[in-house]
Amino acid sequence: MTYPQKLAELVDDFQSIDDRMERLEYVFDLASEVNELPNDEWTDSTRIHGCQSEAHVRVDIEDENVRLYSGADSKLVQGLMGILTIAIDGQPIEIARTLTPEFAVEMGVLNSLSPSRSNGFRNMFDKVMSTLMEEE
Amino acid sequence: MTYPQKLAELVDDFQSIDDRMERLEYVFDLASEVNELPNDEWTDSTRIHGCQSEAHVRVDIEDENVRLYSGADSKLVQGLMGILTIAIDGQPIEIARTLTPEFAVEMGVLNSLSPSRSNGFRNMFDKVMSTLMEEE
Amino acid sequence: MPTYWVIELAIQDDFPILQRLVNGHRLIYLDNAATTQKPAIVIDAMNDYYTKHNANVHRAVHTLAGEATDGYEACRDALKTWFRAERCILTSGTTEAINLAAHAWGHSQLKGRPIVLTEMEHHSDIVPWQMLAETFGNELRYVPVKSDLTLDMEAFEASIEGAGLVCVVHTSNVLGVRNPIEEIIRIAHNHGAKVLLDAAQGAPHCQINMAELGADMMALSAHKMCGPTGIGCLLVNEETFQEMQPFMGGGDMIETVTLEGSTYQTNEHRFEAGTPRIAEAIGWNAALTYLGTLDLEQQHGRLLEIARHVAQELRSMGMTVYGRHDDDDSSVVSFLHPTLHSEDFAHLLDARGVAVRTGHHCAQPLLNRLGITGTVRASFYIYNTMQDAEEFLMHVRNILERFA
Amino acid sequence: MPTYWVIELAIQDDFPILQRLVNGHRLIYLDNAATTQKPAIVIDAMNDYYTKHNANVHRAVHTLAGEATDGYEACRDALKTWFRAERCILTSGTTEAINLAAHAWGHSQLKGRPIVLTEMEHHSDIVPWQMLAETFGNELRYVPVKSDLTLDMEAFEASIEGAGLVCVVHTSNVLGVRNPIEEIIRIAHNHGAKVLLDAAQGAPHCQINMAELGADMMALSAHKMCGPTGIGCLLVNEETFQEMQPFMGGGDMIETVTLEGSTYQTNEHRFEAGTPRIAEAIGWNAALTYLGTLDLEQQHGRLLEIARHVAQELRSMGMTVYGRHDDDDSSVVSFLHPTLHSEDFAHLLDARGVAVRTGHHCAQPLLNRLGITGTVRASFYIYNTMQDAEEFLMHVRNILERFA
Ligand SMILES: Cc1ncc(COP(=O)(O)O)c(C=O)c1O
Ligand SMILES: Cc1ncc(COP(=O)(O)O)c(C=O)c1O
């Protein structure tokens with residue numbers, strides 16, 4: 001699959017990092033990429049289930065483009081959200097819909113994480129995608 | 001421990017047999033050594049518990065001497081009774097009381113038997129001995 | 001049988017224990033209905049787990065825990081695929097699986113309705129229901145075994161009215177008879193009763209497709225199909241799974257615990273309290289992999305042929321053989337000599353390295369029906385050869401000559 | 001510590017998994033309170049069983065079955081000797097042992113009397129009693145944990161009146177705190193209540209003498225003391241044993257089965273339905289043999305020293321440490337950083353080969369009491385060295401520099 005340019009760069013970046021700690025460090029850094037969903041907007045409907053930490057996401061459509069607002073108490077989880085943000089935030093809805101979680105596998109990000117964490121990532125991804133699918 | 005002569009001979013005999021099948025064959029042959037306890041005298045009080053087959057024994061004292069009457073539906077078990085008969089039948093009660101089940105170990109008979117069978121032998125032995133101990 | 005012969009030898013090579021001598025003789029292991037031997041691949045998988053991956057599963061972040069979790073859950077997935085099951089709850093064996101069914105499903109769902117059992121059941125598929133009936137007063141209806149050693153299907157049909165559950169053994173561990181479970185399931189479902197299959201003996205011998213059968217619950221043990229001791233499962237369809245209430249409580253099966261009460265997981269973990277059987281699951285999965293490399297249908301045919309041959313020979317020696325050896329039956333041969341005690345027989349065979357089982361095989365009601373208290377049982381499995389059978393028969397002849 | 005140093009290295013050599021690299025780094029396994037690693041002697045014992053002796057136990061005549069039975073029963077005997085226990089029922093682990101206690105003893109004996117628990121209990125010692133209370137309406141009384149992380153013994157004394165049972169964790173899996181069980185047992189017995197000890201964490205760390213303590217029941221798991229997964233036990237004194245009613249039904253636990261009902265075995269087999277955990281029992285026995293070669297008291301001192309050092313260093317880095325590390329406490333160090341999320345911490349440590357656990361450790365009521373939802377937990381066992389601790393601390397410092 002061909003990725004939007006920013007995402008393609010990110011995949012490349014990750015693939016060039018051998019050390020797991022550095023890969024995690026990079027994920028940490030990406031926590032700042034999210035559009036912040038303020039704590040007081042964390043509700044049951046924004047909660048991502050199956051994450052062991054608190055993690056929340058809201059998907060808006062602004063001018064036919066996807067907007068992700070998110071946050072988590074774990075910086076790693078928020079970093080994963082940052083990656084997802086880079087991947088689809090600001091993209092036209094039809095393009096965003098074509099994304100599969102393969103990109104995270106390719107990055108080597110998922111295998112740097114525990115099964116529960118990578119499940120969390122999948123849940124996050126699924127939650128976002130199912131919201132997109134519901135949109136007309 | 002020194003055994004009564006007949007028993008000592010039996011221990012020697014067994015020790016000279018290497019093949020397990022032949023040892024069992026010898027035990028089979030000894031089934032005929034019991035003083036038969038007729039089937040219609042098999043009762044709850046004669047039953048040896050812990051044997052998987054039906055096995056019965058009655059201990060009488062005749063003229064201060066031990067008399068064993070026994071029978072089993074398994075010839076192997078009856079053969080073990082035959083060994084016990086050779087060991088103490090007809091012996092003065094004080095002598096019979098001194099016997100320990102060691103002799104069966106020495107014979108190599110017990111290790112030719114499954115744990116449940118050799119337990120059965122111990123139960124048989126214990127039943128006989130406890131009857132002897134109760135005698136004045 | 002030249003092709004058989006090659007396959008047979010190749011399979012024997014996979015089982016290290018078959019190299020062993022017993023009382024100076026080559027081990028001829030014919031106690032497979034009690035438990036089977038393990039191929040090296042199973043032993044090695046558990047070894048590998050303990051020497052490289054051991055950790056507690058679920059809820060952990062570190063690498064070993066992830067590997068252990070993957071290994072454990074992979075067994076569940078493999079079982080679901082193998083048996084085409086919707087849900088798979090790992091237990092310590094068939095017995096615990098049936099007790100789980102009785103507690104988790106029976107307590108809340110049977111509501112005093114009658115339970116249909118058969119006289120052919122293993123104690124593990126009788127006693128849990130007797131215990132349940134004692135608490136809730138359910139009527140237990142036993143389907144008789146006919147003199148041709150099959151279930152009395154007329155009696156079954158007559159007993160189904162109003163029943164909530166039918167518990168039936170897929171294949172008898174004493175007779176090898178494979179019951180008409182398709183028909184039983186059809187009739188039971190027509191009358192609104194669920195069906196639990198005791199597949200402890202069935203699973204090792206044939207590929208059971210639970211979805212196709214439409215069975216509601218199915219219990220089995222790893223150790224009877226080349227897997228390790230200490231693990232088995234209850235397979236359940238989704239509808240039944242949703243009706244089940246938690247049985248044992250503790251770690252891993254909960255969602256939240258407060259002093260006031262607890263909420264439970266919603267997947268299979270709900271019924272797997274405490275640290276699970278991790279190494280065992282990994283070993284079982286390896287056993288499935290191993291069995292998957294064989295042509296089980298061909299093996300079934302080969303072993304049945306052996307069983308038929310043995311049954312015929314034993315009969316010709318004057319033994320009573322309790323079995324039919326129909327096409328779907330398992331390769332179990334239960335027999336009795338008119339005078340030589342079954343346990344004596346087993347002892348004498350053991351002196352020649354042959355392992356058979358005697359006694360009531362945990363099926364006293366069946367043996368009562370047959371009017372006996374025990375049999376000698378020789379049961380054959382994938383690593384047994386016609387050569388094993390011939391040697392066994394030779395020893396039997398020999399014993400009869402010397403001892404009968 | 002030159003002598004320590006030699007012992008430490010010698011012990012590490014006994015554990016094959018410690019040779020393994022995790023993410024390119026030497027494995028530093030500090031998740032011992034979840035499960036321990038296995039020495040070669042344990043792995044080999046199970047191997048040996050499967051390659052030479054495997055058979056189903058009890059009731060069989062052949063040689064392998066005799067060997068398997070001896071091996072299985074030898075584990076029971078070894079446990080009775082090790083813990084000075086009158087009765088030993090083998091289960092799949094601590095959790096099943098406590099569920100067994102609740103069903104087999106609690107259902108028939110508690111008769112609605114209150115049960116005293118503590119806030120320090122593992123879920124496995126809470127949920128079974130909540131379930132029982134739901135059925136029979138027993139009151140559950142929880143002894144609070146004080147801010148110094150010890151049990152509130154005044155509250156305990158106040159709660160004992162009329163209680164039928166006290167369930168208390170010997171040593172907390174979160175805090176490492178070893179509870180004053182002698183006093184608890186004395187007070188409980190004075191008030192006519194029995195005591196169940198959850199010794200899952202206690203048993204690995206010290207030699208528990210059940211007869212001397214006078215505990216009525218005690219539950220533990222093999223996998224936390226160098227033994228395999230899938231096995232544990234409930235130790236019971238004779239009086240309590242005689243009060244217990246059968247729990248799960250099936251093969252091996254029965255004496256006779258008829259269509260009308262069943263009678264049960266009178267020894268421990270009464271509570272061990274189905275084919276038992278044979279290889280596991282043999283592995284556990286080997287683990288006891290192994291631990292028996294060590295000076296456990298010396299090990300306890302050595303590990304506690306490590307734990308104290310780690311706790312102090314972590315505090316000096318600004319962590320909150322939840323533990324006291326008194327002389328009898330186990331070598332568990334639970335901690336939290338003010339900002340870095342505990343799971344992130346564990347992920348980062350894992351990248352350096354260090355295995356720690358995070359989360360609620362199946363003790364949510366305790367964590368609620370502490371006002372937190374989880375900790376990072378480093379727990380040390382016999383094969384851990386001061387060197388492990390120093391490397392762990394170095395990685396922690398490093399992580400804090402880079403990520404906090
Ligand atoms: C104190 C305590 N109790 C009970 C358990 C449960 O043990 P298992 O999971 O082996 O049944 C554990 C282990 O997690 C524990 O630490
Ligand atoms: C038909 C049948 N059901 C149940 C069982 C019980 O299996 P397990 O002892 O593994 O629980 C067996 C095995 O003995 C069996 O043959």
Side-chain angles (χ1 to χ4, degrees), chain A residues 14-34 36-37 39 42 44 47-57 70-83 104 107-124, chain D residues 20-31 34-35 123 174 320 334 336-364 367-368 371-377 391-404:
Chain A
F14 267 103
Q15 283 176 345
S16 71
I17 308 176
D18 280 338
D19 181 67
R20 177 183 285 235
M21 180 80 89
E22 280 173 34
R23 219 155 39 218
L24 293 176
E25 193 159 13
Y26 196 8
V27 178
F28 260 72
D29 289 345
L30 297 170
S32 59
E33 295 288 322
V34 304
E36 211 186 314
L37 182 74
N39 271 35
W42 292 10
D44 260 0
R47 172 168 293 116
I48 298 164
H49 290 281
C51 273
Q52 283 180 36
S53 45
E54 284 279 313
H56 293 262
V57 65
S70 59
D73 60 1
S74 146
K75 261 194 124 175
L76 260 181
V77 173
Q78 188 163 322
L80 294 175
M81 290 169 160
I83 294 173
M107 277 178 180
V109 166
L110 288 196
N111 22 358
S112 303
L113 297 172
S114 68
S116 70
R117 242 336 131 64
S118 63
N119 266 341
F121 179 80
R122 279 178 210 280
N123 290 342
M124 177 192 315
Chain D
R20 168 179 169 158
L21 296 184
V22 168
N23 301 319
H25 296 264
R26 177 173 88 83
L27 168 63
I28 300 183
Y29 184 78
L30 305 181
D31 192 16
T35 201
H123 294 164
V174 179
T320 308
S334 269
L336 269 182
H337 186 266
T339 58
L340 192 60
H341 193 275
S342 56
E343 279 210 37
D344 294 353
F345 223 125
H347 266 103
L348 295 164
L349 284 167
D350 183 56
R352 289 292 177 257
V354 181
V356 295
R357 191 145 295 234
T358 59
H360 56 53
H361 314 301
C362 293
Q364 285 182 341
L367 295 202
N368 287 346
I372 53 181
T373 59
T375 72
V376 185
R377 183 183 70 185
E391 285 186 30
F392 161 69
L393 289 168
M394 181 193 75
H395 293 310
V396 169
R397 269 183 218 103
N398 210 281
I399 287 166
L400 291 186
E401 271 163 32
R402 282 168 84 170
F403 297 95

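Lettering follows sequence order; numbering is per chain, from 1.
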The reported gap from NE2 in D:His25 to CG in A:Asp19 (rounded to nearest 0.5 angstrom) is 5.5 Å
The interface call for A:Asp29 against chain D, heavy-atom contacts under 4.5 Å, is neither
Heavy-atom closest pair (A:Leu24 atom, D:His347 atom, distance to 0.1 Å) is CD1-O, 3.5 Å
Cut-off 4.5 Å, heavy atoms of chain A, and the answer for D:Ile399 is side chain
Tightest non-hydrogen contact, residues D:Leu348 and A:Met21, listed as O-CE, 3.5 Å
Value for CG (D:Asp344) from NZ (A:Lys75), rounded to nearest 0.5 Å, stands at 9.0 Å
Could you please spell out the steps behind the side-chain contact (heavy atoms from CB on, under 4.5 Å) verdict for D:Arg402 and A:Glu22? CA-CA 10 Å; D:Arg402 282 168 84 170; A:Glu22 280 173 34; 3.6 Å; yes
